[in-house]
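From a predicted model like this one, the values you see are computed outputs, not experimental measurements. Counting starts at 1 for both ligands and their atoms, in listed order. Atom set for the values below is all heavy atoms of this structure, side chains included, hydrogens, waters and symmetry mates excluded.
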Amino acid sequence: MIGLFEVDGATCVKCGACVRDCAFRALKMEDGAPRMASPDRCMKCQHCLAVCPTGAVTFDGKRAADSVPVAGLPLPSLDAVENWLRTRRSMRHFAAEDVDRAVLSRILSALGNAPTGCNARSLTFTCFPTRASMDGFRRDFISVLERHRDGTKLLPRWLAAPAIRLRRGEDDMFFRGASGMLVVSSDETAPGVATPLEDVTIACAHFEMLANAAGIATCWCGFLKMVQQEVPELLEQTIGLRRTTPFYAMLFGRPAVRYARGIQRDSYARIDFRG
Ligand SMILES: Cc1cc2nc3c(=O)[nH]c(=O)nc-3n(C[C@H](O)[C@H](O)[C@H](O)COP(=O)(O)O)c2cc1C
C-alpha cells in the first residue's frame, strides 16, 4: 500500500527542505531522512512535493514528475496585475450571448486552486453558464419571492418593486441582465473547514481575475446576498443550499460596455506602515 508521504531513497538528498516547509510539523527527519511522523497534522497542502529539489517525494500517490514545473512558466508581471486592478470594472450591461463553455470550464477548473483556510477545499461552484439557465434561475427566484410569507410581513419595497420589474421584463436590478452566474459556497459542516466565508470570497475574487483575463466581464452580486437575508429559503429552494451555508455570487457574461480609461479614486485604502 502506498503511504501518504513516500521518499525515493535513491534521489533524496536529505536536505530537509520538505520537513522545514511542513506548516504543522507533520514531517520529521529521522536517521537523516524525512518521514511522515504525524499524519493527523498533515493538511495535504503538497508543499513537501513541491519544494523537493530532486523530485524524490511522492505525496498521496502523486509523483513529482506529474507536477507542473515552475521554472519557465509564464506568470503575470507586477505591471500586468497592477494594470488589471486599476482598470477592472463591475459590468452592469452584458451582451446577449453566452460565454464559451470550454473557456468557462477551464476557468472553473483553475479556480479550484484558490487557497482555502487549512487547505479545507470544501467549495462548490454552482454555475448557471448560459442565458437559458440564467433565465430559469430568474424565474425560480421570482416564484420563491412570490411564495414567500414571513408571518404577515410583506417584502420590503427595495425588494418588492424591482422584483415586479424583473417579472415584467422591465429591468433586472438584481442580476444586471447577466448571461451567467457563479454561486460559490463552502460546506460549513465539512470536517476541517475553518474559514468558509473567507474561502468563498477569495474564490470569487480569483474568479473575477480569471474571467476578466479571458474577456469575460463580471459583477459581484451583493443583491443576491441581501435578498437571501430577507428570504432565507431562497437558495434552499432554487439551488438546494442550506440556509447556514456561506456563499457569494458573481454575475458574468460578455461585456456590452467598453471602458476607455481607468478610475481616478479620491480615496484609496489607508496605508499604514509600522516600520
Ligand atoms: C461585495 C460586493 C458586492 C457588490 N454587489 C453589487 C451588486 O449587487 N450589484 C451591482 O451592480 N454592483 C455590485 N458591486 C459592485 C460595486 O458597486 C463596485 O465594485 C464599486 O461601485 C466600484 O466600481 P468598480 O467595481 O467598477 O470599480 C459589488 C461589489 C462588491 C465588492
Side-chain angles (χ1 to χ4, degrees), residues 80-96 99 107 111 114-117 123 125-128 131 134-135 137-138 140-142 144-145 155-167 169-186 195-232 234-235 238-239 241 245-271:
V81 178
E82 190 181 66
N83 287 340
W84 169 72
L85 201 48
R86 287 192 159 164
T87 56
R88 57 149 293 290
R89 300 308 338 230
S90 296
M91 187 58 56
R92 272 62 175 251
H93 304 279
F94 292 91
V99 305
I107 289 171
L111 193 58
T116 52
L123 298 177
F125 302 149
T126 305
C127 188
F128 296 89
R131 284 190 297 155
M134 208 38 215
D135 283 345
F137 178 80
R138 285 185 183 91
D140 292 346
F141 172 86
I142 290 166
V144 174
L145 295 195
L155 290 177
R157 198 171 157 67
W158 68 262
L159 172 50
I164 291 168
R165 293 202 303 275
L166 178 64
R167 179 164 50 76
E170 289 169 7
D171 83 23
D172 178 8
M173 183 190 80
F174 303 106
F175 309 109
R176 302 292 182 191
S179 69
M181 181 171 72
L182 173 69
V183 182
V184 178
S185 58
S186 172
T195 54
L197 188 54
E198 290 82 349
D199 299 347
V200 162
T201 314
I202 289 165
C204 287
H206 283 90
F207 175 74
E208 179 172 64
M209 192 186 296
L210 285 161
N212 290 182
I216 297 171
T218 54
C219 186
W220 293 74
C221 191
F223 274 120
L224 189 62
K225 195 93 192 179
M226 288 168 66
V227 179
Q228 171 73 17
Q229 274 154 10
E230 194 64 41
V231 182
L234 174 65
L235 290 184
T238 50
I239 64 170
L241 214 62
T245 297
F247 77 92
Y248 220 91
M250 299 297 288
L251 304 167
F252 64 82
R254 302 282 302 157
V257 176
R258 300 276 169 190
Y259 295 97
R261 55 196 62 80
I263 187 167
Q264 301 181 39
R265 297 192 196 276
D266 290 327
S267 54
Y268 289 81
R270 196 162 56 87
I271 297 173

Original post:
If you measure from CG on Leu166 to CG on Leu145, what distance do you get to the nearest 0.5 Å?
Top reply: 8.5 Å

**OP:** Using a 4.5 Å cut-off on heavy atoms from C-beta on, say whether the side chain of Phe207 contacts that of Phe125.
**Re:** no

Original post:
How many angstroms lie between CG in Leu251 and CZ in Phe128, if you round to the nearest 0.5 Å?
Top reply: 11.5 Å

Original post:
Quick one: side-chain contact (heavy atoms from CB on, under 4.5 Å) partners of Arg261, sequence neighbours excluded?
Top reply: none

Original post:
Quick one: CD on Glu230 to CH2 on Trp158, what's the gap to the nearest 0.5 Å?
Top reply: 6.0 Å

**OP:** Would you give the length of the straight line joining atom CG of Leu241 to atom CG of Leu234, rounded to the nearest 0.5 angstrom?
**Re:** 10.0 Å

Subject >> Residues in the immediate environment of ligand 1 (any heavy atom closer than 4.0 angstrom) >> reply: Arg88, Arg89, Ser90, Arg92, Arg176, Cys219, Trp220, Cys221, Gly222, Phe223, Tyr248, Arg265

